[in-house]
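Remarks on the structure that follows.
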Number of protein chains: 2
Amino acid sequence: MRKPKINTMEELSSAISVSRPTLSRYFQDPESVRSSTRTKIETALQRVDYVPNFFATRMNRKATGLIGVIIPYLNDLFYTSLLEAIERAAIAADYTVITQSSHGDAALEARAVEKLLSMNADGAIVAPLGASSDPAAIERLSANLPLVFVDSRPISMPDNADFVGTDNRQSIRLIVEYLCRTGPAPVFLRMPRLNSNSQEREAAYLREMERLGHEPAFVEAGGQQDSWDFEGFAYELLDRHFSHGTYTKATILCANDRLAIGAIRAANRHRLFRPDAREAPALRIAGHDDHPLSRYMTPPLTTVSQDAPAIANAAMRMLMQRVRADAPRDASAMEQTFEAALRLRDSA
Amino acid sequence: MRKPKINTMEELSSAISVSRPTLSRYFQDPESVRSSTRTKIETALQRVDYVPNFFATRMNRKATGLIGVIIPYLNDLFYTSLLEAIERAAIAADYTVITQSSHGDAALEARAVEKLLSMNADGAIVAPLGASSDPAAIERLSANLPLVFVDSRPISMPDNADFVGTDNRQSIRLIVEYLCRTGPAPVFLRMPRLNSNSQEREAAYLREMERLGHEPAFVEAGGQQDSWDFEGFAYELLDRHFSHGTYTKATILCANDRLAIGAIRAANRHRLFRPDAREAPALRIAGHDDHPLSRYMTPPLTTVSQDAPAIANAAMRMLMQRVRADAPRDASAMEQTFEAALRLRDSA
DNA sequence: CTCCCATTTTTACGCGAGTAAAGTTTTGCG
DNA sequence: CGCAAAACTTTACTCGCGTAAAAATGGGAG
């Protein structure tokens, strides 16, 4: 039942007696050949096993039709949501996406950059590691192809680099305002990893607290942490605090939902949430991002939503502009940030 | 500060006066050239911007050094864990992995297959969609390159297809046995999507219940569901049930942890878990997989662990055997399943 | 049945590098 | 210092297909 395997267009050509150039045109655009020969080719194609060689086809075109995507870490539903949306958009635009994960490692991120360069990608969408990124690698990528950053900015943002992300100032203002209005002012639980988001959110927190006349405060964390196990980090940190009786009646604003998930677990372990109590709970926990599982926590997490699909789509549109219309690379940088929306649930 | 861009080896060759064939050898294995010329090349390389064209390099080699990976869905931490481990192993083995997500759609899965074929990948690791997969596409891939399935088997498993996964019979036996020993026998909550795992787990459940002399039962679900939103599916189903007072004192064994996460939320919404009660809780919920966030649920989810990294590594080893030693493709199929371990936490 | 335009076929070259063969230079050793 | 082996340079062909130009073919309008 296996169809005879044909490896090259040349073979196909002689096998079905259609010239190779015509086949070439057919595979680039079936509409570009007369309908009679088209059906001739297509019926033949059903009887044999052939796919044009991807590498050979791309080598001679001006554009490769490839878009590189680099994300810092795979096991994070926020990044996979981004990826998912980017891939869908790319498929719609008839581009092939080459996904590379940095696995939280700057060396691998640099390696991913090299790979994209060697593949002559038409453009790239990068969610950088952040502080640990290799600036030279980023710069190199940016110098050689249109590049838009998503989620966070690299430490040393190349000139004229495009960016799409969330408006951290707005999102933090929203949640801080809400928390202050409905209870004690929040203490802030930082992200262990430093990237522009962590900095921006901290800054926004400070600014907003000041504006509202509250004393800002950060959850005490010993030593520099450098792990992508956000839930574990927050859980252990707060478990320790709660054991010592600290923060047990606080309002904790977590820099992202994954931290909040760990925090909620610690709180529940210490029975700090009282579902049956009439009065407002003593402890409140809020997050940031609206992680897909946040609504399934107990209590469901109050947070602000970061719209991953919107960010992904905007990034693709922006990249397409640079790639296609060839918005001059030296033109001014584009930037687009999305506002977040409050997701009021029960945790705060 | 930008280095002069060099596009081809030819240019590089004349620019640094080292012949092209020598450069070719250098890029394939720096050790294969005399150390003096190596340093000559390397110092030159620091002054200019050049990467060998990926496509051109692969075109003439017998092996492309590519490994294709197809996973059904990106927003699922189990699959991303698999991917993560596969990529790490591939990097170690000096292979480039091309990741393709089916996005839960058979047409996209087939498209991914075409892409891998067109790229002449040396091998592929595929976590199939399952029942909705296009058998022809799978067959086509299997016919053209070494292929090992992970996680679940395709409906129509090609002959001599390799497989790596979890021993569902063993894992289900483990959890059913435990549940029966410590309380009421479990009812089973099926996966909405049909793949070999769902079938095997159901069958294992039936078998084990029978062996232990209990009456098997399934959580009633109206109509065929076909969504990847497992948590939402389980949440809404059980929320409805709990509202009607059904299953409120049952022991529910979920076909996977994502379902369990939704189930736990529904249970908590109805105050079905009583953290303060002395006696054993009336409602018990157990899962399967040991999803990264299971331990952070409230109550923490009792489940059986599926070792994604182990599965991924085994799959890579198996594939490497086929690819490298060229374990004859027509030889007997290899199969490896991993045993699961009980993760006793508080939900059951 | 013409004539013309649209398609297709022929022919030939190019992309960027792998690779083989022959000739030349360098290196290591005695 | 002489020599063989190792490494390099030259030359030329290959991979699978894009693409351009010229010649040949086909189909439809008149």
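Residue numbers begin at 1 in each chain, while the letters A, B, ... track the order of the sequences. Note that the structure is predicted; figures quoted are calculated from it, not measured. Side chains included, hydrogens not; waters and symmetry mates left out as well; all remaining heavy atoms used.
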Check: B/Ser152/B/Asn197 side-chain N/O donor and acceptor closer than 3.5 Å: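 The answer is no; no qualifying pair exists.
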
Side-chain donor-acceptor pair present, A/Thr80, A/Glu84, cut-off under 3.5 Å: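 Looking only at side-chain atoms, A/Glu84 and A/Thr80 do not form any donor-acceptor pair under 3.5 Å.
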
Side-chain N or O of [X] closer than 4.0 Å to phosphate OP1/OP2 of [N]:
X	N	value
B/Ser19	D/dT9	yes
A/Gln28	D/dC17	no
A/Ser24	D/dG18	yes

Side chains of B/Asp151 and B/Ile311 in contact at under 4.5 Å (non-hydrogen atoms):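 The answer is no; the side chains never approach within 4.5 Å.
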
Whether B/Thr8 side chain and B/Glu11 backbone form a donor-acceptor pair below 3.5 Å: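 Yes, B/Thr8 side chain to B/Glu11 backbone: donor-acceptor pair under 3.5 Å.
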
Value rounded to 0.5 Å, distance of CD1 in A/Ile125 from CE in A/Met318: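 The CE atom of A/Met318 is 10.0 Å from CD1 of A/Ile125, to the nearest 0.5 Å.
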
Please work out if [X] contacts a base, only the sugar-phosphate, or nothing of the nucleic acid, heavy-atom cut-off 4.0 Å.
X	value
B/Thr22	base
A/Tyr50	sugar-phosphate
A/Pro21	base

How long is the line joining [atom1] of [X] and [atom2] of [N], in whole Å?
X	N	atom1	atom2	value
A/Arg20	D/dA21	CZ	P	16 Å
A/Phe27	D/dG16	CZ	P	15 Å
A/Asn53	D/dT14	CG	C1'	14 Å
A/Glu10	D/dC15	CD	P	10 Å
A/Arg61	D/dC17	CZ	P	11 Å
A/Asn60	D/dG18	CG	C1'	5 Å

Any residue meeting ring pair (Phe, Tyr, Trp, His ring centres under 6.0 Å) with A/Tyr73, in chain and number order, not counting sequence neighbours: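 Once residues adjacent in sequence are excluded, the partners of A/Tyr73 under the ring pair (Phe, Tyr, Trp, His ring centres under 6.0 Å) criterion are A/Trp228.
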
Bounds of contact between DNA chain C and chain A, in 5' to 3' order, using a heavy-atom cut-off under 4.0 Å: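 The protein-touched segment is C/dT7 to C/dC15.
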
A/Met59 or A/Lys62, whichever maps to the more 5' nucleotide of DNA chain D: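 In this pair, the answer is A/Met59.
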
Cation-aromatic face contact B/Arg153/B/Phe163, 6.0 Å, 45 degrees: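 That pair qualifies as a cation-pi contact.
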
